[in-house]
Amino acid sequence: MQTRSAPPTLKTGTLLLVIALVFFLFLLSLQLYTFTHESGHALIGTLFGGTLTSFNISFIDLSAHVTIDGNFLPWQRALISLAGVTLPLLLWILFMGWVAAAPQNILLNWFKTLLFMVAVNPLLAWVILPLLTTFGQTAEDDSVNFMRITQAAPGVISAAALLIYLLGWGFFLRQMGGWAGISARLRAPLPDLKDAPTRKTLLLLILPGALVLAFTLAIPFAIAQGSPSVAAPAAPAGYLPVADLRLSERGYQDEVVYRFKLESPAQVSLFFALTDVQGGPSQLKLVGKNGYENIFLAVQDPKSNIRQGSVHPQQLALAKGEYTIRATLQPSQGRVKVYFKQD
């Protein structure tokens, strides 16, 4: 009677090496995708005459963004939105073609698989988010911005994105030899850092990561050197800061940015400090009970540019109740600080 031996188990050192390498390749893939995504926006925006004013590829806290100062036509703004998902996809296709003839090893196969996932799966946002808008949902995303600018039907954008997504899968499967080929490639011998080809592959993968890191540090420095800083207007004495709206991180659509409650009638003062607030519509207002509404700033011009300014309304005599400060502001490199004082 024959007995089957148990499958070999990974040694602790080998297991830790595999985990470390996969984690490194995953972070590298995210770093490369985020850099090329934001570079796509920046490249097209500057080609259309815009000025790059911020460049952030921090994918860990989901704050990656670029801001471009310029007056763009609608079709140009649509292409800027589209470029973010397009450039990584095109570069991934070129990469897959370039490494097709390269000697295969497990490290390269892991990287190709992870890079495929981060390059192609963002298309799912273009499939899902436009459809969600038909149910009243909103989101600040390139796909939704593209839809709003072009006035294209959500179903058309979702269908086109789904087609490209499926074509991406088809291209990947063809390059990898189908599902059987993927399985065989990912079951290749585990990486051994004593092996010269493995070390060479690892070094070649570290190189683009180092280059992206260098560009990530150099670009914001170059932007800061080329753009004179503008100081925010100072609030008068006695005002407390209650909100800091960084438009380089997100825009606001009639959103509550500060809420306060008066237990009895009181005198209230507000101060708004604005720097580099671009585009319209923009609005700052105070809303209270019984239909109370006081608009402090209202700009409709999409080409507006408030380089530096402040809004300092007269002292307000408010009745007892709850009040909210609501903001509508477009994404830009600008910033709005809100200050409050109750006498």
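Side-chain atoms are counted along with the backbone in the values below, which use heavy atoms only and exclude waters and symmetry mates. In this text the structure is predicted, and so the values were computed from the model without any measurement.
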Original post:
Transitively linked via ILVMFWY side-chain contacts under 4.5 Å: L25 with L207?
Top reply: no
**OP:** State yes or no: do V242 and L316 share one hydrophobic cluster built from I, L, V, M, F, W and Y residues joined by side-chain heavy-atom distances below 4.5 Å, directly or via other members?
**Re:** yes
**OP:** Locate the shortest heavy-atom distance separating A42 from V66; write the atom from each residue and the value.
**Re:** N-CG2, 4.3 Å
**OP:** Check whether any side-chain heavy atom of F35 lies under 4.5 Å from a side-chain heavy atom of F55, and answer yes or no.
**Re:** yes
Subject >> Between CD1 on residue I44 and CZ on residue F48, distance to nearest 0.5 Å >> reply: 6.0 Å
Subject >> Pair T328-Q330, side-chain contact (heavy atoms from CB on, under 4.5 Å): steps then yes or no >> reply: CA-CA 7 Å; T328 296; Q330 306 308 311; 4.2 Å; yes
Subject >> Donor-acceptor contact below 3.5 Å, side chain R326 vs main chain D254 >> reply: yes
**OP:** If the plane angle is over 60° it's perpendicular, under 30° parallel, otherwise tilted; pick one for F296 and F272.
**Re:** tilted
**OP:** Taking all non-hydrogen atoms of both residues into account, name the closest pair between L87 and T36 and its distance.
**Re:** CD2-O, 3.4 Å
Original post:
Under a 4.5 Å cut-off applied to non-hydrogen side-chain atoms, are N294 and P313 in contact?
Top reply: no
Subject >> Same apolar cluster (I L V M F W Y, side chains within < 4.5 Å links), W98/L107 >> reply: yes
**OP:** To the nearest 0.5 Å, tell me how far I206 CD1 sits from L211 CG.
**Re:** 12.0 Å
Original post:
So F24 and L202, side-chain contact (heavy atoms from CB on, under 4.5 Å) or not? Walk me through it.
Top reply: CA-CA 10 Å; F24 162 73; L202 184 59; 3.9 Å; yes
**OP:** Considering non-hydrogen atoms only, spot the tightest contact between G84 and H37 and give its length.
**Re:** O-ND1, 2.8 Å
Subject >> Distance (rounded to the nearest 0.5 Å) between L329 CG and R246 CZ >> reply: 14.5 Å
Original post:
From N145 CG over to L82 CG, what is the distance, rounded to the nearest 0.5 angstrom?
Top reply: 12.0 Å
Original post:
How many angstroms lie between atom NZ of K200 and atom CG of L108, to the nearest 0.5 angstrom?
Top reply: 12.0 Å
Subject >> Any donor-acceptor N/O pair, E255 side chain to Q253 backbone, under 3.5 Å >> reply: yes
Subject >> Working for side-chain contact (heavy atoms from CB on, under 4.5 Å), residues L286 and L318 >> reply: CA-CA 11 Å; L286 179 66; L318 300 180; 4.0 Å; yes
Original post:
If every non-hydrogen atom of A234 is compared with every non-hydrogen atom of F271, which pair is closest and at what distance?
Top reply: O-CZ, 3.6 Å
**OP:** Report yes if some heavy atom in the side chain of L284 is under 4.5 Å from a heavy atom in the side chain of L270; otherwise report no.
**Re:** no
Original post:
Is the ring centre of F340 less than 6.0 Å from the ring centre of Y323?
Top reply: no
Original post:
Does the side chain of K337 reach to within under 4.5 Å of the side chain of P241, using non-hydrogen atoms?
Top reply: no
**OP:** Indicate the atoms forming the closest heavy-atom contact of P154 with T133, along with that distance.
**Re:** CG-OG1, 4.0 Å
Subject >> Side-chain heavy atoms of L89 within contact of V85, under 4.5 Å >> reply: no
Subject >> CD-OH distance between Q283 and Y252, expressed to the nearest 0.5 angstrom >> reply: 15.5 Å
**OP:** Please collect all side chain to side chain donor-acceptor pair (under 3.5 Å) contacts where either partner lies in residues 74-92, sequence neighbours excluded, each pair once.
**Re:** none
Original post:
Do you reckon L79 sits in the same ILVMFWY cluster as I149, going by side-chain contacts under 4.5 Å, direct or chained?
Top reply: no
**OP:** Using the test salt bridge (Lys or Arg N to Asp or Glu O under 4.0 Å), find all partners of R335 that sit at least two apart in sequence or belong to another chain.
**Re:** D244
Validation: residues 164-179 side-chain donor-acceptor distances under 3.5 Å, sequence neighbours left out:
{"unit_1": "Y165", "atom_1": "OH", "unit_2": "N121", "atom_2": "OD1", "d": "3.2"}
{"unit_1": "Y165", "atom_1": "OH", "unit_2": "W169", "atom_2": "NE1", "d": "3.0"}
{"unit_1": "Q175", "atom_1": "NE2", "unit_2": "M96", "atom_2": "O", "d": "3.3"}

Subject >> Closest non-hydrogen atom pair, S143 against P130 >> reply: OG-CD, 4.0 Å
Original post:
Run the side-chain contact (heavy atoms from CB on, under 4.5 Å) check on L297 and V277 step by step: do they pass?
Top reply: CA-CA 12 Å; L297 173 72; V277 177; 5.8 Å; no
Original post:
Does the side chain of L262 come within less than 4.5 Å of V268's, by heavy atoms?
Top reply: yes
Subject >> Side-chain (H41) to main-chain (I80) donor-acceptor, under 3.5 angstrom >> reply: yes
Subject >> L213 vs Q31 side-chain heavy atoms within contact, under 4.5 Å >> reply: yes
Original post:
Side-chain contact, heavy-atom cut-off 4.5 Å: K341 with P236?
Top reply: no
Original post:
Under a single-linkage definition using a 4.5 Å side-chain heavy-atom cutoff for Ile, Leu, Val, Met, Phe, Trp and Tyr, are M117 and L94 assigned to the same hydrophobic cluster?
Top reply: no
